[in-house]
Amino acid sequence: MKAIIQSEFGDADVLSYSEIEIPKIGDAECLIKVAYTSVNYADIKKRIGNKGKGNFPLILGLDTAGTIVEVAPDSPFSIGDRVIAFPKGGSYAEYVSANEKLVFKIPDTLSFEQAAAMPTVSILSYMLLHEIGQVKKTDTIVIHSAAGGVGSMLVQLARLSGVQHIIGTVGKKDKENYVKKLGASIVCTYETFVEEVFKITNNQGAKIIFDSVAGDVTSKSLDCLALYGTLVQFGNSSGKTGLIKTSDVHSSCRNIKGFSLGTTRKHNPLRLAPVAEKVIELFNSKQLSLPIAEIFHLKDAAAAHKLIESRNYEGKVLLKF
């Protein structure tokens with residue numbers, strides 16, 4: 001089969017379109033013929049060596065959409081089932097194997113393109129909003145990197161839940177219309193969001209702030225987080241560490257919560273199934289959707305990575321097979 005192989009850390013040119021063996025499945029695993037896979041920012045971090053160790057050669061990719069072509073004995077799945085999955089050993093390949101606990105059926109009415117766009121960003125966003133942040137309709141919330149994959153999904157889910165005040169931040173102001181169409185009340189830059197939060201909350205601060213950027217953005221977020229508010233930290237796309245002092249939280253009764261979908265997939269995969277069922281139905285009923293920024297052929301994965309790194313896109317970037 002064809003796959004994108006990486007043998008060293010580096011820029012996008014380390015990604016090599018290669019021929020390798022089709023993976024063999026073990027107990028409680030499925031083999032999936034991939035239709036599309038999404039490119040997530042975590043792939044960039046892993047490629048350059050900022051996310052985990054390199055067990056070379058490696059295949060990048062977190063999630064996939066495709067059709068089951070082989071199952072283990074007594075599997076709850078059948079050959080021909082259309083599914084999304086979090087595969088073992090990467091998803092930039094024509095075939096992937098996956099643990100059955102991380103495979104979820106999708107209806108025939110849901111396109112593979114939308115299905116491939118959703119697994120990581122929609123399941124993560126749903127858990128962040130409802131389980132970690134426990135957002136209420138009356139809360140004023142801030143969603144950083146609101147034009148990205150997770151940000152786009154968080155804004156839509158918050159709007160769908162009836163949240164009245166959704167503030168989205170973007171790196172470039174030209175993404176304002178895109179984020180407002182998704183459902184944000186106000187869109188501002190990382191330089192101006194603190195001022196906007198105080199303006200809209202009568203100087204009280206935001207109740208929940210979702211931070212996947214870290215670095216200076218974390219410090220600024222704490223500057224405008226309300227008493228008893230919660231900062232939900234789930235990434236560091238800036239590549240910098242966000243600094244938090246104990247005095248930032250104890251006297252103000254504020255919370256800082258961390259969450260990782262990767263950690264949850266590894267240590268508590270059963271937690272994902274009920275969430276996957278909910279978001280699949282929301283996509284199938286068209287209550288949620290993700291704009292597709294661009295679709296690249298698998299062999300052009302390096303170009304897809306360069307687009308992600310440029311940040312000159314809106315929505316999801318996919319690879320097709």
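Small disclaimer: the values here were computed from a predicted structure and weren't measured.
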Among all residues two or more places apart in sequence or in another chain, which pass the salt bridge (charged side-chain N to carboxylate O under 4.0 Å, His left out) test with [X]?
| X | result |
| --- | --- |
| Asp248 | Lys245 |
| Lys306 | Asp13 |
| Lys173 | Glu176 |
| Lys105 | Asp81 |

Please go through Val213's hydrophobic cluster and name the other residues, only I, L, V, M, F, W, Y counting, with side-chain heavy atoms under 4.5 Å joining them. Tyr190, Val217

Connected-component partners of Tyr228 among ILVMFWY, side-chain separation under 4.5 Å: Leu227

For [X], enumerate each residue passing the side chain to side chain donor-acceptor pair (under 3.5 Å) test, keeping only those at least two apart in sequence or located in another chain.
| X | answer |
| --- | --- |
| Lys2 | Glu19 |
| Ser111 | none |
| Asn284 | Thr109 |
| Thr241 | none |

For the pair Arg47 and Glu309, find out whether any cationic side-chain nitrogen is under 4.0 Å from an anionic carboxylate oxygen. yes

Work out which heavy atom in Phe283 is nearest to a heavy atom in Met153; give both atom names and the distance. CZ-SD, 3.7 Å

Just wondering, are more than 12 heavy atoms of other shown residues or ligands nearer than 6.0 Å to CD in Glu277? no

Quick check on Lys51: does its NZ atom have over 12 non-hydrogen neighbours (other residues, nucleotides or ligands) under 6.0 Å away? no

Examine distances only and state if a side-chain atom of Ser125 and a backbone atom of Ser122 form a donor-acceptor pair shorter than 3.5 Å.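 Checked: no pair found.
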
Main-chain N/O of Ala293 paired with Glu314 side-chain donor or acceptor, under 3.5 Å: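 Here the side-chain-to-backbone pair does not exist.
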
Enumerate the salt bridge (charged side-chain N to carboxylate O under 4.0 Å, His left out) contacts for residues 216-242, please, sequence neighbours excluded, ordered by first and then second residue. none

Not counting sequence neighbours, list each pair that qualifies as a salt bridge (charged side-chain N to carboxylate O under 4.0 Å, His left out) and has a residue in residues 88-102.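 Matches after skipping sequence neighbours: Glu29-Lys88.
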
Can you tell me how far the CG atom of Asn40 sits from the CG atom of Leu62, to the nearest 0.5 Å? 5.0 Å

